[in-house]
Every structure is written in C-alpha cells, then in structure tokens.
Trainee: 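The structure is given below, and queries will be raised subsequently.
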Amino acid sequence: MMNRTAFIKFRGTNSFLLHSLSSFQFSTHKASLHSNVSSLIHKITNLNDALKLFDEMSHRQPLPSVVKFNQLLTAVTKIKHFSSSLDLFKQMCSLGVPVSNYTMSIAIKCCCQLHRTKDGFALLGCCFRRAIAPDVYIFNALLDGLVLEDRILEAEMLFKKLIKQKLCEPDVVTYSTMIKGLCKFGNNVTTLALLRLMEQTNCKPDIFTYNTIIDSLFKDKMIDDAFKLFKEMVSDKGILPNVITYNSLICGLCKFGRWDEASKMLKQMEDENISPDVHTFNVLVDAFCKEGKVEEAEVVINIMIERGKVPNLVTYNSLIDGYCLQGEMIKAREIFDSMTLRGLAPNVVTYSSLLNGYCKNRNIEGAMQMFRQMTGQGLKPNVVTYNTMLQGLFQVGRCVAARRLFNEMHAQGRIPDRCTYRIVLDGLCNNHLVEDALSLFYLVGNSKLNSDIAVYNILIDGAGKNGKVDVARILFQGLIDKGLQPDVRTYNVMISGFCREGQLGEAKLLFLKMEESGCPPDDVTYRVLLQGYLKKRHYDDVEMLLQEMDDRGYSLDASTLSLFIDHIAAGLLDRSMLKLLSKLVPKELLDDPRLCDWE
DNA sequence: ATAGGGTTAG
C-alpha cells in the first residue's frame, strides 16, 4: 500500500495521477476495512470514528455480518452514546440487517439507560414480532431500567414473572440487579432474604452481588452487618474482595469518623496487592475535606499523582467544597481555575459548592455572579443549587429575591424537597415573617414534609423568638399528638421560648421532663436555662445547675460566662461562685483579660 | 465471533 510520504511526493506532478492515487488509496483503505472491521471497532474511542465506520460498513456490498454491526453498537454503547447507538440500531433495521437477540439486548439497554424503559419494552414487543426469543440479557436490561427509574414495584413484578412464567432462567446478574433495586429503596431485610434465596439456587452470589449489598448496608449505617457480610464473603464463600469492595468499606468507615479502621483497611488492601485507584483516593480526599483538613487532602492528591493516578472532576469538586466549607474562597477559586486549565469542565456540583461558600461568607453578590456564570454555561441548577441560593438570600434578609428564586425553581420543574422546605421556613422565621412560615406550614398540612421534627424545631424557635410562646406551645403539643419524638433541640427551643417570656416555672418543668423522656439535656439546654435565670435575677437553682454541668462534663460558652461576670460585678451573685465557674470554662476563654483575678 | 450487573463529589 502507498504510504503517506510517497503520496506527498506525487503531488503536483500530474493531476490524473493524483486522482488515481487517491482512489487507489481509498480502495485499499476499504479493503483493509473489510477484512479488519473487528480490529477497527476495538480502536474506537470517540463517536465520530464510530459513525464514520458505520457509514462505510453500510455502503459495503454485501453488507457485513450482523456480528460486526453488533460489535460497533457495543463500542458506541461503551462510550455511553446511548441515543447515537439507538440511531444506528434504527439504521441497521432499515438497511435490512438481520438483527439478532444480541442487537436487541444492546438497543434495549440503550433505551433503559436513557430512562426510556417504556421504549425498551416496546422493543421487547418487536422481538416477539421478529420471532427473536428474548433471552436473559434482554430481561436483565429491562429490569435494570425499571430500577434506574425507581420503578421498584414493577421491577419486582417483572422479576417474579420471569421466574413464575419461566420466561428465562434468571442468572446472577438478574438477582444482583434485583438486589440493587431493593438496596436503593433501603429494603435491606428483603435484600438479605433474596441473597439467601439465591444461595439455594444454582446461581451463586458473586463479588458484584456482595459489593452491592455491602455498600448499601454502609449507606444505611449498618456497619456491623456490612462487616459481617464482608467476612462471610471472604471466609465462607472464598470470594476475594476487590478494589470496589475496599472503596465501599473505606468510604463507609470515613463517613463515620472511624479513621483507624479505615487506615487499617488501606493497609490490608495494600497487603493483598490491590492498589488504590482514583476512586479510593477521592474517598480519602473527600473525607479529609469534610473534616476541615484541606491540607491533608492536598497531600493525598499529591500521593495520588505520584502513583500515576490523574485527579478527576470528583477530586477537584471535593477539594473545592473543602475550601468553600472553610470559607476560603480565594483558594477555592484557585482550584477552580486550575481545573479549568487542565481541561476539566466544572459541573453543577462544582458551582453549588462555590455558591455555598460565597453564601457562607454572606457574599451574596459573589454567589449570584457564580449562579449566572453557571447558567450561562448551559448548566441547569438542580434542587441542591436552588436550596443553597435560597439559604444565602434569606441569610442576608433578601426575602423578595428568595421568593422570586423559589418561583423560578418551580417554573424550571425542580420539585422542592425537605431541605427546601426547611430553608424556606427557617428563612421566613428569621426575617420576622413567622406568620408566613406558619401559613405555609398549615397549608402543607398533614403530610410527610410536616412529619419532620426539624420542621417543628424551626417553627417553635421562630415563634418563641417572635414573642409567640403560645403558638410554640401549641406546636409542641401538636407534634406529641402526631406521635413525633421531640429531640434535644425541640426542648431547647421550647425552654428558650419560656425563658424569654419569663415563664421560668414552665421552663424548669420541661427541663425536668427531659431526663424522664429519655432525652437528657445537653450543654445548650443548661446555657439557655442559666441565661434565662440570670436575666430574671432568679438565682435559686443556678449553683445546682452549674454543679450538674460539671458532673456531666459540659462547659460554658462565652456569652453565658459574660452574663455571669456582669452579675458578679454588679454584686448580684456571690464571688464564691467563681471557683465553680472557672471549672466550667474552656481553656481558650480563660485568656479573657477580665478573668485574670479568678483563682 | 458479538450483549449484561457493583464504588465517589454539592
């Protein structure tokens, strides 16, 4: 075959020669294509190459076999161009390629991955019409589609139907997909039952099955069960954990602050010659960032790079979020710029972190500018983005703008979630719009949104702070009537409301009720009650409360302490209390110059 | 000579 240099040498010598040369090249190219479609398909890395190859294949006479087309479709599906893959499938049909069950399974998978499981089922109908017997691959793809669309009941129905009507022999993938669906809905009891059922059949659970369940148990905070299953997998079934198993374990342990065990797992992993991948490093980066240890996170990233792993969008997003949580917006922007320079396009998560950072710093203009930049890049804000912006706007008292944004959220088809609801209620209460918050609350009525103790805490606090302790009392009774369990915060905001109105008797009664209700007071409870007592110059229980605080190992905060000092300075409280107070003051507060003559 | 399932971020 003529090579490229030879071709160049001929240029300009003779146009006829050039023409024949190029056609010669073309035909040899085609010839090599014909014999080597499979090897060309394996080299496909982008959609364009795939489409070109398809075009050339479809012009061949005779047409390449269906196997070649299936290979190409697989390649396109692997690079996640599902709708292009479907287009090619349609073209295959109109070209008259005799599509097989392989082709159908790929096409159905594409529909399902596009959240168009309905079309997937339509293609199942086509199978019957074309006398293609649907196999387990096809049913697995459909089952996965239903799970993906959260249609868990239909997934269960399909699963049972497959078995009952013997539509196909379910295999380990069928079971694992069903298990994934059950896990997604937090139904760990049924999940484990299905795992046991599986063990009775001849398709045994494999590493995929176990990884799915172990990860789900961690997500549901069932750490001990997760480890039990992990041991069962390794010891009883002899299945070796892989990098994904370890990633789940390490991620779960980090989330619960169980650092020692997490690093033990890292060591164990290395001992077994399983090297950490980008995902593992990302878990560690994120864990450090969440702990406020951004420098450590940067160290992890350096190790990651030393080991030849390339940080990706997730890595940078975690780091940016870490800096934003610390309010270090300059660093956050630096990382943002450097990731853009590396050709990584920021996504909605990146922007939401930045918005959050600006809002935390009460820089609402900065947040707005980011919001506009984000939408300008064609990124659609999601519920989290809107929640962040709403919180920021309420925080700086821009209730009208918040309202406008809430309406926009609605217009964009974003359904407010429990966080949105809490943010709006809290925002209204903190901006002296308790009446509005209450009307919204009553409008929502007896729904799941209102069966949330946090919602009651917000409203009780809002009512109390706005001089509506009677409303607070009604709300408190209401939540008890509903069968909700008040938590420490509920008691704290209620006690704080009573204290503010000088109803110290009520405050004390509720305080005493906490212990017997199995919800012991925390340091905040004591601070609130003490401040209430001091402000009303009601000193009877003060010493006893301080003593209790000491017994429980609680400490005083700066503002309560300051109040005590004022009362002592005014001669309202005896100086003998200083000794007890000094025991309750954290070291950093002892530096206060006003306290130098304490001991 | 071709098809499928598991882990991460706001």
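Note that the structure is predicted; figures quoted are calculated from it, not measured.
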Trainee: Going by the salt bridge (Lys or Arg N to Asp or Glu O under 4.0 Å) test, which pairs reach into residues 364-375 of chain A, not counting sequence neighbours?
Mentor: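 Counting only pairs at least two positions apart or across chains, the salt bridge (Lys or Arg N to Asp or Glu O under 4.0 Å) contacts touching residues 364-375 of chain A are A/Glu365-A/Arg398.
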
Trainee: Categorize A/Val172 for me: base, sugar-phosphate, or nothing, with a 4.0 angstrom heavy-atom threshold over every strand shown.
Mentor: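 A/Val172: base contact, heavy atoms under 4.0 Å.
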
Trainee: Base, sugar-phosphate, or nothing: which does A/Asn312 touch, judged by heavy atoms less than 4.0 Å apart?
Mentor: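 The residue A/Asn312 makes no contact with any strand.
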
Trainee: What residues, two or more places apart in sequence or in another chain, satisfy side-chain contact (heavy atoms from CB on, under 4.5 Å) together with A/Ser65?
Mentor: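 Partners of A/Ser65 by the side-chain contact (heavy atoms from CB on, under 4.5 Å) criterion, ordered by chain and then number, come out as A/Val67, A/Lys68.
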
Trainee: Using 4.0 Å as the upper bound for N to carboxylate O, is an ion pair formed by A/Asp224 and A/Lys228?
Mentor: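 A/Asp224 and A/Lys228: not salt-bridged.
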
Trainee: Going by side chain to side chain donor-acceptor pair (under 3.5 Å), name the residues that satisfy it together with A/Gln377, two or more places apart in sequence or in a different chain.
Mentor: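 A/Gln377 satisfies side chain to side chain donor-acceptor pair (under 3.5 Å) with A/Tyr351 only.
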
Trainee: Check the angle between the aromatic planes of A/Phe406 and A/His410 and answer parallel, tilted or perpendicular using the 30° and 60° thresholds.
Mentor: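 Aromatic pair A/Phe406/A/His410 classed tilted.
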
Trainee: With a non-hydrogen cut-off below 4.0 angstrom, is A/Ser176 in contact with a base, only sugar-phosphate, or nothing?
Mentor: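 The answer is base, as A/Ser176 lies within the cut-off (heavy atoms under 4.0 Å) of a base atom.
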
Trainee: Taking only heavy atoms on the protein side, list every residue of residues 384-396 of chain A lying under 4.0 Å from any atom of DNA chain B, sorted numerically.
Mentor: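 Hits under 4.0 Å, by residue number: A/Val384, A/Thr385.
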
Trainee: Could I get the full list of side-chain contact (heavy atoms from CB on, under 4.5 Å) partners for A/Arg196, not counting sequence neighbours?
Mentor: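 For A/Arg196, the residues satisfying side-chain contact (heavy atoms from CB on, under 4.5 Å) (neighbours in sequence not counted) are A/Glu199, A/Leu229, A/Glu232.
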
Trainee: Answer yes when A/Asp271 and A/Lys267 have at least one side-chain N-carboxylate O distance shorter than 4.0 Å, and no when they do not.
Mentor: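 Answer for the salt bridge query: no.
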
Trainee: Do the non-hydrogen side-chain atoms of A/Thr174 and A/Phe159 ever get within less than 4.5 Å of each other?
Mentor: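 Yes; the side chains approach each other to less than 4.5 Å.
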
Trainee: Compare every heavy atom of A/Leu95 with every heavy atom of A/Leu63, then report the nearest pair and how far apart it is.
Mentor: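 In terms of heavy atoms, the two residues are closest at CD1-O, 3.9 Å.
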
Trainee: In residues 115-147 of chain A, which residues come under 4.0 Å of DNA chain B by heavy atom?
Mentor: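 Close to the strand are A/Asp135, A/Tyr137, A/Asn140.
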
Trainee: Mind checking A/Thr209 for me? I need base, sugar-phosphate or nothing, with any heavy atom below 4.0 Å counting as a touch.
Mentor: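 Base contact - A/Thr209 has a heavy atom under 4.0 Å of at least one base atom.
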
Trainee: Of all residues at least two apart in sequence or in a different chain, which pass the side-chain contact (heavy atoms from CB on, under 4.5 Å) check with A/Lys293?
Mentor: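 Applying side-chain contact (heavy atoms from CB on, under 4.5 Å) to A/Lys293 gives A/Phe288, A/Glu291, A/Glu296.
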
Trainee: Is the closest side-chain heavy-atom distance between A/Thr350 and A/Met339 below 4.5 Å?
Mentor: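 In contact.
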
Trainee: Evaluate A/Tyr175 against A/Val172 for side-chain contact (heavy atoms from CB on, under 4.5 Å), listing each step before the verdict.
Mentor: CA-CA 5 Å; A/Tyr175 278 99; A/Val172 61; 5.7 Å; no

Trainee: Report yes if some heavy atom in the side chain of A/Ile41 is under 4.5 Å from a heavy atom in the side chain of A/Phe69; otherwise report no.
Mentor: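 When only atoms from C-beta onward are counted, A/Phe69 and A/Ile41 do not touch, as no gap falls below 4.5 Å.
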
Trainee: Quick one: label A/Ile108 by what it contacts on the DNA or RNA (base, sugar-phosphate, nothing), any heavy atom closer than 4.0 Å.
Mentor: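 Nothing: the residue A/Ile108, judged by heavy atoms under 4.0 Å, touches no strand.
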
Trainee: Kindly write out the residues that satisfy side-chain contact (heavy atoms from CB on, under 4.5 Å) with A/Glu334, not counting sequence neighbours, or none if the list is empty.
Mentor: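 Testing A/Glu334 for side-chain contact (heavy atoms from CB on, under 4.5 Å), a comparison that skips the adjacent residues, returns A/Ile330, A/Lys331.
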
Trainee: Under 3.5 Å, sequence neighbours excluded: what are the donor-acceptor pairs made by side chains of residues 177-188 of chain A?
Mentor:
unit_1: A/Thr177; atom_1: OG1; unit_2: A/Val173; atom_2: O; d: 2.6
unit_1: A/Lys180; atom_1: NZ; unit_2: A/Asp144; atom_2: OD1; d: 2.6
unit_1: A/Lys184; atom_1: NZ; unit_2: A/Val147; atom_2: O; d: 2.9
unit_1: A/Lys184; atom_1: NZ; unit_2: A/Leu148; atom_2: O; d: 3.4
unit_1: A/Lys184; atom_1: NZ; unit_2: A/Asp150; atom_2: OD1; d: 2.8
unit_1: A/Asn187; atom_1: OD1; unit_2: A/Thr190; atom_2: N; d: 3.3
unit_1: A/Asn187; atom_1: OD1; unit_2: A/Thr190; atom_2: OG1; d: 2.7
unit_1: A/Asn187; atom_1: ND2; unit_2: A/Thr190; atom_2: OG1; d: 2.9
unit_1: A/Asn188; atom_1: OD1; unit_2: A/Ser216; atom_2: OG; d: 3.1
unit_1: A/Asn188; atom_1: ND2; unit_2: A/Asp220; atom_2: OD2; d: 2.6

Trainee: Residues from residues 213-238 of chain A sitting under 4.0 Å of DNA chain B, heavy atoms only?
Mentor: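 Contacting residues: A/Asp215, A/Lys219.
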
Trainee: Could you list where the contact with chain A starts and ends along DNA chain B, reading 5' to 3', using a 4.0 Å heavy-atom cut-off?
Mentor: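 Footprint of chain A along DNA chain B, 5' to 3': B/dA1 to B/dG10.
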
Trainee: Where along residues 345-358 of chain A does a heavy atom fall under 4.0 Å from DNA chain B?
Mentor: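 Going residue by residue through residues 345-358 of chain A, the ones with a heavy atom under 4.0 Å of DNA chain B turn out to be A/Asn347, A/Val348, A/Val349, A/Ser352, A/Ser353.
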
